[in-house]
Amino acid sequence: MTSTSNLPVSGSSATSAPLTRFAPSPSGHLHVGGARTALFCWAYAKGRGGTFTLRIEDTDQKRSSDAASVGFLKDLAWLGIDWDEGPEYVGSDGRTLGGGPHGPYFQSERLGIYNGYLDQLIAGGHAYYAFDTSEALDVKRKASIAAKVPYRYDRSALQLTKDEVAIHLKTGTPAVVRCKVPSGPITIHDEILGTVTLPEGEVDDFVIRKVDGFPTYHFAVVVDDELMRVTHVLRAQEHFTNTAKHIVLQDALGFKRPTYGHLPLIFNTDGSKMSKRDKDKALRAGVTAKGMTAPPPNTIAQAQFDVWMKDKNVQLDFDVANRLADALDIVLPEINVDDFRRSGYLPSVLTNFLALNGWSAGNDLEKFDLAYIKSHFNLDRVQKTPAKFDRMKLLSFNCDAITSMPREEFVRLCRAHGKLYHPEFLGRLTDEQFAMLASASHERSKTLDELYRTNRWLVVGDDSLAWEDSKNVKKAIAEGTPRGLDRLREVKPLLESVVSWTPHEIEASIKGYADASCEGQLGKVAQPLRVAVTGGTVSPPIFDTLAILGKPSSLLRIDRCLKHFGG
RNA sequence: GGCCCUAUCGUCUAGUCCGGUCUAGGACACCUCCCUUUCACGGAGGUAACAGGGGUUCGAAUCCCCUUAGGGUCACCA
């Protein structure tokens with residue numbers, strides 16, 4: 001059927017409220033770059049009383065999988081980026097996001113819709129069937145590359161007569177549909193980049209329907225943006241030249257052009273693309289540095305490990321990689337939103353920092369919340385140049401946010417983080433112990449995760465605590481007059497006599513000793529004690545450390561330490 | 001390679017549109033000192049940029065041109 005009368009009419013009803021959309025391809029994980037795009041789309045629409053729509057672009061059958069495509073919805077929700085329309089999702093707080101009148105929001109469920117418009121284009125002479133095989137096109141493409149000329153489709157299908165086309169169609173020759181791009185330059189109006197004109201011939205006759213019958217990205221985007229009433233398209237700059245194709249399609253279909261804004265890309269500090277490869281590289285480097293030939297227990301099968309080690313092109317999946325990294329104490333570079341969550345960053349800090357990459361509030365203001373971004377985000381202040389993602393600055397922001405929140409909130413967030421990522425650690429402590437640990441860690445924590453990584457001494461059994469073989473440990477134990485070890489022996493009976501094992505009482509006891517025997521220098525006794533009960537030289541303040549551990553464990557560990565370093 | 005975009009401290013950026021208030025501001029990082037029971041936090045200082053070259057102008061980080069450098073893109077991926 002070639003009639004278009006029953007197709008939805010182009011969105012001409014002039015409404016002032018903008019509608020933006022974030023349209024990622026399916027993936028289990030939301031990349032920070034995507035998160036930034038989503039954030040800006042969200043802020044632009046919501047700050048102007050508009051609508052933010054989420055659409056899943058799953059027209060590539062090879063990649064699509066329902067379970068994976070919804071994987072990142074939780075990342076968006078965690079960041080506080082709520083979508084008005086899109087896939088339905090019930091958040092941890094019980095709220096339902098998504099839904100809406102313009103669904104379905106998965107392109108794979110909209111196939112029927114695209115076909116109508118496709119017929120319209122073919123009937124109008126704006127598109128045509130082509131029967132070239134991928135192999136044949138590859139040959140031509142390679143020749144172009146070798147000749148250092150840009151590859152353009154040569155329109156050979158246009159040479160076919162009507163009859164030839166009919167026969168091909170009748171006999172079922174695999175066919176794609178290409179858009180017949182009109183001659184002449186194409187001008188794009190971009191709110192960020194300005195007005196840009198691409199010279200004639202830059203855009204060739206691109207495919208709009210693949211052999212498998214699925215629309216290509218370009219076609220689906222144009223149709224869906226129209227049907228979903230999208231007014232503003234904010235997306236990464238890598239899409240800029242695609243926009244020319246979309247404009248051609250919009251003109252051919254009689255659609256209104258949305259307003260465009262192409263956002264600068266985000267890179268690593270060294271200028272490379274932030275990719276999941278980085279994690280694999282870091283893990284490989286860590287494993288190689290440790291000279292490992294077998295994986296640690298409970299992480300990964302030996303066979304899988306061997307395959308991975310042998311072939312640099314093999315990548316472990318996220319869970320396995322994280323398990324291995326945890327076991328080896330390797331910190332992987334964060335790439336996805338969930339990586340940052342796992343590393344203990346606060347969502348409000350991430351959105352704040354993301355906004356700083358490619359946009360600025362002006363007036364030297366750089367700490368602000370989501371509400372501020374929503375009410376102040378504008379396209380005028382979007383940067384045209386790519387940004388390099390500085391994790392050090394992000395960490396500093398996270399630290400500031402943590403130290404300035406109320407202590408109780410930190411304890412609460414830290415516990416919630418642990419339930420998710422360190423259940424075994426949490427399981428070994430009483431609520432009271434954890435509260436003491438978190439309180440003592442509050443002002444020295446840069447992330448919600450730090451406490452779990454730096455206080456392993458607390459969750460090992462008294463009998464299995466091992467002492468670091470390090471310079472600082474030796475210094476604390478063996479140096480000074482008297483030696484640290486001797487001071488330990490002297491202070492032990494004093495600790496034994498502490499009746500109420502609280503930081504306050506412990507402090508009184510130890511300070512008393514320091515004043516009497518160390519000329520008031522607390523460090524002389526604090527460091528040996530720290531080494532004795534934690535095995536290392538870093539822990540919360542010594543009084544807290546002892547209090548959290550408890551009296552029996554503390555005394556037992558001191559005894560073991562005395563024995564270990566030989567009286 | 002063709003086409004397109006861009007160019008302020010190491011990094012994110014303010015200033016650029018409407019040239020003078022810029023001997024270029026802030027933040028992170030870095031360095032020094034102070035504080036300190038470890039690790040952190042904190043406090044006080046400091047180093048550090050208008051890519052280069054031509055114009056226009058009384059005057060240019062700001063306007064124009066060229067060079068250089070960086071990025072994007074050139075799929076039946078999105």
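Chain naming here is simple, since letters A, B, ... match the order of the sequence lines and numbering starts at 1 in each. Excluded from the calculations below are hydrogen atoms, water molecules and symmetry mates; all remaining heavy atoms, backbone and side chain alike, are included. Predicted model only: the values in this text are computed from it and were never measured.
- Remark: A:K140 is not positioned above the aromatic ring of A:Y151, lacking an NZ or CZ atom under 6.0 angstrom from the ring centre and at most 45 degrees off the axis.
- The gap from the P atom of B:U6 to that of B:C63 amounts to 12 Å, rounded to the nearest Å.
- In this structure, A:Q383 does not reach the B:U6 phosphate: none of its side-chain N or O atoms is under 4.0 Å from OP1 or OP2.
- With A:Y153 as the partner, the side-chain hydrogen bond (donor to acceptor under 3.5 Å, both in side chains) test is satisfied by one option alone out of A:D132, A:D205, A:D204: A:D132.
- In this structure, B:U73 forms a base pair with B:G2, meeting either the Watson-Crick or the G-U wobble geometry with both donor-acceptor distances under 3.5 Å.
- Look at A:E479 and A:K474 and you find no salt bridge, because none of the NZ, NE, NH1 or NH2 atoms lies under 4.0 Å from a carboxylate O.
- OP1 or OP2 of B:G15 lies within a sub-4.0 Å distance of a side-chain N or O belonging to A:R381.
- In this structure, A:S360 reaches the B:A14 phosphate: one of its side-chain N or O atoms is under 4.0 Å from OP1 or OP2.
- If you take CZ on A:F131 and CG on A:L169, they are separated by 5.0 Å, rounding to the nearest 0.5 Å.
- In terms of position on RNA chain B, the residue among A:F389 and A:R444 whose nearest nucleotide sits closer to the 5' end is A:F389.
- A:R152 has no side-chain polar atom (N or O) that falls below the 4.0 Å cut-off from OP1 or OP2 of B:C74.
- Rounded to the nearest Å, the gap between the C1' atom of B:G55 and that of B:A78 is 45 Å.
- Phosphate contact (OP1/OP2 of B:G1, side-chain N/O of A:K148, threshold under 4.0 Å): absent.
- Position along RNA chain B of the nearest nucleotide to A:V207 versus A:P540 favours A:P540 as the more 5'-ward residue.
- Between A:R141 and B:C76 there is a side-chain polar atom (N or O) within less than 4.0 angstrom of OP1 or OP2.
- For A:K62, taking side-chain heavy atoms from C-beta onward, the closest of the listed nucleotides B:C77, B:U6, B:A78 is B:C77.
- Checking the phosphate oxygens (OP1, OP2) of B:U38, no side-chain nitrogen or oxygen of A:K471 falls inside 4.0 Å.
- Atom name C1', nucleotides B:U37 and B:U32: the rounded distance is 24 Å, in whole Å.
- As rounded to the nearest Å, B:C64 and B:G71 have C1' atoms that lie 24 Å from one another.
- Across all strands shown, B:A27 is found opposite B:U11 as a Watson-Crick or G-U wobble partner, with both distances under 3.5 Å.
- The phosphate of B:C41 (OP1 or OP2) has a side-chain N or O of A:K446 nearer than 4.0 angstrom.
- For the pair A:K210 and B:A75, the criterion of a side-chain N or O lying under 4.0 Å from OP1 or OP2 is not met.
- Judged by the 6.0 Å distance and 45° axis criteria, A:R55 is not positioned over the aromatic ring of A:Y105.
- Of all nucleotides present, only B:U32 satisfies the Watson-Crick or G-U wobble test against B:A44, with each distance under 3.5 Å.
- Taking atom P in both B:U62 and B:C9, one finds a spacing of 14 Å when rounded to whole Å.
- At the phosphate of B:A78, OP1 or OP2 sits under 4.0 Å from a side-chain N or O atom of A:T59.
- A:T197 and A:T187 share a side-chain donor-acceptor pair at under 3.5 Å.
- Counting distance only, with no hydrogens placed and no angle test, the side-chain atoms of A:K393 and the base atoms of B:A27 include a donor-acceptor pair under 3.5 Å.
- With a glycosidic angle further than 90° from 0, B:C12 counts as anti.
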